[in-house]
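Report on the structure given below.
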Amino acid sequence: MRFSKAFIPTAKEAPTDALLASHIFLSRAGFISQVASGLYNYLPLGKRVLRKIENIINEEMQRCDAQEVELSFVTPAELWQESGRIEKFGKELLRFRDRKENLFVLGPTHEEMMVNIVRNRLTSYKQLPMNLYQIKTKFRDEARPRFGLMRAREFVMKDGYSFHADEEDLNREFNSMQEAYKRILERLDLDFRIVEADSGAIGGSGSKELMVIADSGEDTIAICSKCEYGANIEAAKRSKSTEIPEAPEADFNKFKTPDIKSIEQLSSFFHVDAYYMVKTVAKRAIYEDGDEIVFFFLRGSDDLQEVKATNAVNALELVDVSEDDLLEAGFIPGFMGPLDILNVRCIFDNELENADSMICGANEVDYHYVGVDMSVLKDVVFTDLVEVKEGDGCPYCDGVLSYTKGIEVGHIFKLGTTYSKALKAEFLNEKGQSEPLVMGTYGMGVSRLIAAVIEQHHDDKGCIWTKETAPYTLNIMVSNIKDEAQLSLGEELYNKFKDSGVEVIIDDRKERFGFKMKDAELIGFPYTIIIGKELLNSNVQLYIRKTDEKIMLEAKNIFEKVIDIL
RNA sequence: CGGGGCGUAGCUCAGUAUGGUUAGAGUACCUGGUUUGGGACCAGGGGGUCGAAGGUUCGAGUCCUUUCGCCCCGACCA
């Protein structure tokens, strides 16, 4: 490519609304331009990078014998009604009617469509397993798109789905996909972590997210200091604490606690560690068909993890309950506890199972119970509700957990038969019995990966593309195109590299040295050959973007030298 | 969806409080010239329904009403 003919609109200033490095540099360097909230155009450089990432994904999928398909972007709403997700997905689904008044949605993900393709076609265990994927534009009408390509409404995603006769085969494929995803991110030169995650509204198990480590990431993940364990905060677990505070000595009793409502107040009132308090968190659980108040109980020293809590009651979401609402429902805010509580759904954290010497609200104004033995409670549901904190122990080794931020670039999980049952996608097993297909799903945010690469690979001058993502590997910069010697060497090298299959661009613009250098740095070509005034001494320079160094080399063997480096 | 902010040249922004020449600057763009190792200089030039609609007024970028868009914080996010 010739720079003088290329459409690469670089700018000195970034749009005001760009905050993240990836957004600022991708805009300034002419990779993308915004059209509307959460909608972006890919300019030639951006499109090249996008295609490079797609190619890597395609190559790795081919190695696993996954087959590429392309499903229509506009999908009939009936499929979404069949699976029941038209309600669950809510406003993120962009719906519209065609001229015949039929309802359609723009695909935000394609489970339904993919199951629809295989149902009545994959009808025998002999045809299984099967892994189909596509790389395709998706649309989610996000309430609040932000951060450029990081959270756009229209974006490119690779979504793959596998179909199996049983769980065991699904597990095999799941592991194979996890390895493939790992290879993809390694080829992209990304620092990432595969973490345990919540599978969200879609349902399923074995949920794992691929997180690119970056301060700008929107997810908090807990990682172990010693082993490979990492988990999204929404799903993170911890080991049982080994440092248990000394238990207070008290027989079961009701105690007057005037206006003592919070865990902190109780702790100082009784001089007892919050570990021995029962924290009561009231939430309103919203279901598809109604709502109710739910009480979550955990140790005073712990905090409620809302996603875990939501899953525990199988709710669409949890919202806060006002004190007025509680009073109206007959509860006493500040003095609520698990004993003798009626007419409300109660969920207990695992930590409270068999807990003793506890202090809890007496469900009576200004009274708490002390010396409570939780084992007196009958028919109680215990589950994990705790949000892990930095410093908590790793659940798998003796390491310590700490927080870090991550960009979710991939999410894989085992769907099981959720969709195949709902959409009646069944096959005949060896015994001739009809069974629903067992499914896995594997997503990867392709356009988000562009942003992720830059989040991890940039400096204050601009982008620093990695070997496999660079829009052009080599930039040949002719410092002064009016200098015949410079220009002819540039042209000669340009043709030689092009013929050798190197992705090369020649900066033959009628601009000054500084202007062209700034662009080279901003765009972030991995290598730039600078043909300039040093040519008088038969020398040229090789500028290496990553290290920001310029190496003086003899002009006569620059071609061979650079070919070696590439 | 709650709270806040902003819409003026391709881009970054001034001008709006207190209405009053032909609406400005920088940058980018075009022409000519000088330059040619860090976004150069001189001269000339093109480019605007001041987000939109309605209203007040002799007169609106500026005041009033409505509306649309964009951004930020939060909620949400397979």
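So that the names make sense, note that chain A is the first sequence line, chain B the second, and so on, each numbered from 1. Bear in mind that the values here come from a model prediction, so they are computed numbers and not experimental data.
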Given RNA chain B, 5'-ward residue of the pair A:Glu13 and A:Gln486, judged by closest heavy atom =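 Closer to the 5' end of RNA chain B: A:Glu13.
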request  = Assign each of A:Tyr543 and A:Glu92 to its nearest nucleotide of RNA chain B by heavy atoms, then name whichever residue's nucleotide is nearer the 5' end.
outcome  =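 It is A:Tyr543 whose nearest nucleotide is closer to the 5' end.
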Using whole Å, what does the distance between atom [atom2] of nucleotide [N] and atom [atom1] of [X] come to?
X: A:Arg509; N: B:rA28; atom1: CZ; atom2: P; answer: 13 Å
X: A:Leu318; N: B:rC76; atom1: CG; atom2: C1'; answer: 13 Å
X: A:Arg153; N: B:rG69; atom1: CZ; atom2: C1'; answer: 11 Å
X: A:Arg512; N: B:rU34; atom1: CZ; atom2: P; answer: 14 Å
X: A:Ile530; N: B:rG38; atom1: CD1; atom2: C1'; answer: 10 Å
X: A:Phe89; N: B:rC77; atom1: CZ; atom2: P; answer: 10 Å
X: A:Asp519; N: B:rA28; atom1: CG; atom2: P; answer: 12 Å
X: A:Met150; N: B:rC77; atom1: CE; atom2: P; answer: 19 Å

query = What nucleotide, of B:rC70, B:rC73, B:rG39, holds the atom closest to the side chain of A:Gln34?
reply =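 Closest nucleotide among those given: B:rC70.
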inquiry  = Counting only side-chain heavy atoms from C-beta out, which of B:rG39, B:rC72, B:rG37 sits nearest to A:Arg28?
reply    =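 The closest nucleotide is B:rG39.
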Distance check, [atom1] atoms only: [N] and [M], in whole angstrom units.
N: B:rU57; M: B:rG19; atom1: P; value: 16 Å
N: B:rC72; M: B:rG44; atom1: C1'; value: 43 Å
N: B:rU12; M: B:rU8; atom1: C1'; value: 12 Å
N: B:rC29; M: B:rC73; atom1: C1'; value: 38 Å
N: B:rG45; M: B:rG59; atom1: C1'; value: 32 Å
N: B:rG15; M: B:rC76; atom1: P; value: 39 Å
N: B:rG46; M: B:rG26; atom1: P; value: 16 Å
N: B:rC63; M: B:rU16; atom1: C1'; value: 10 Å

request  = Verify the neighbour count for atom CD of A:Glu328: are there more than 12 heavy atoms of other residues, nucleotides or ligands below 6.0 Å?
outcome  =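 No, CD of A:Glu328 has 12 or fewer neighbouring heavy atoms, counting only those of other groups under 6.0 Å.
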Could you check whether [Y] and [X], counting side-chain N and O atoms only, form a donor-acceptor pair closer than 3.5 Å?
X: A:Glu534; Y: A:Asn537; value: yes
X: A:Glu455; Y: A:Ser216; value: yes
X: A:Tyr419; Y: A:Asn116; value: no
X: A:Tyr287; Y: A:Glu292; value: yes
X: A:His110; Y: A:Gln134; value: yes
X: A:Asn171; Y: A:Lys414; value: yes

Report which part of the nucleic acid [X] touches: base, sugar-phosphate, or nothing (heavy-atom distance under 4.0 Å, all strands).
X: A:Asp483; value: nothing
X: A:Lys482; value: base
X: A:Phe139; value: nothing
X: A:Glu218; value: nothing
X: A:Met157; value: base
X: A:Gly443; value: nothing

What does [N] pair with, Watson-Crick or G-U, if both distances are under 3.5 Å?
N: B:rG32; result: B:rC42
N: B:rG37; result: none
N: B:rC11; result: B:rG26
N: B:rG61; result: none
N: B:rG2; result: B:rC73

inquiry  = Looking at B:rG39 and A:Phe515: do their rings stack (centroid distance under 5.5 Å, interplanar angle under 30°)?
reply    =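 Whether judged by distance or by angle, A:Phe515 falls short somewhere, so it does not stack on the base of B:rG39.
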Whether the side chain of [X] and the base of [N] hold a donor-acceptor pair under 3.5 Å is what I'd like checked.
X: A:Lys12; N: B:rU27; answer: no
X: A:Glu521; N: B:rG39; answer: no
X: A:Gln541; N: B:rG37; answer: yes
X: A:Asn480; N: B:rG37; answer: no
X: A:Arg151; N: B:rC77; answer: yes

query = If you measure from the Lys or Arg side-chain nitrogens to the Asp or Glu carboxylate oxygens, is any gap between A:Arg284 and A:Asp320 under 4.0 Å?
reply =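 Result for this pair is no, no salt bridge flagged.
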ask   = Any salt bridge between A:Glu82 and A:Arg119, counting N to O under 4.0 Å?
value =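 Looking at A:Arg119 together with A:Glu82, the answer is yes, because their closest N to O distance falls below 4.0 Å.
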query = Which residues within residues 14-25 of chain A lie with some heavy atom under 4.0 Å of an atom in RNA chain B?
reply =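 Residues of residues 14-25 of chain A that come under 4.0 Å of RNA chain B are, in numerical order, A:Ala14, A:Pro15, A:Thr16, A:Asp17, A:Leu19.
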ask   = Does A:Ser37 make a side-chain N or O approach to OP1 or OP2 of B:rC71 shorter than 4.0 Å?
value =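 Answer is yes, contact under 4.0 Å.
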key: Qualifying residue, where the test is side-chain hydrogen bond (donor to acceptor under 3.5 Å, both in side chains) with A:Ser207 and the options are A:His411, A:Glu196, A:Glu234   =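 Of the listed residues A:His411, A:Glu196, A:Glu234, the side-chain hydrogen bond (donor to acceptor under 3.5 Å, both in side chains) partner of A:Ser207 is A:His411.
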ask   = So is A:Arg48 actually on top of A:Tyr472's ring, under 6.0 Å and inside 45° of the axis?
value =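 Yes.
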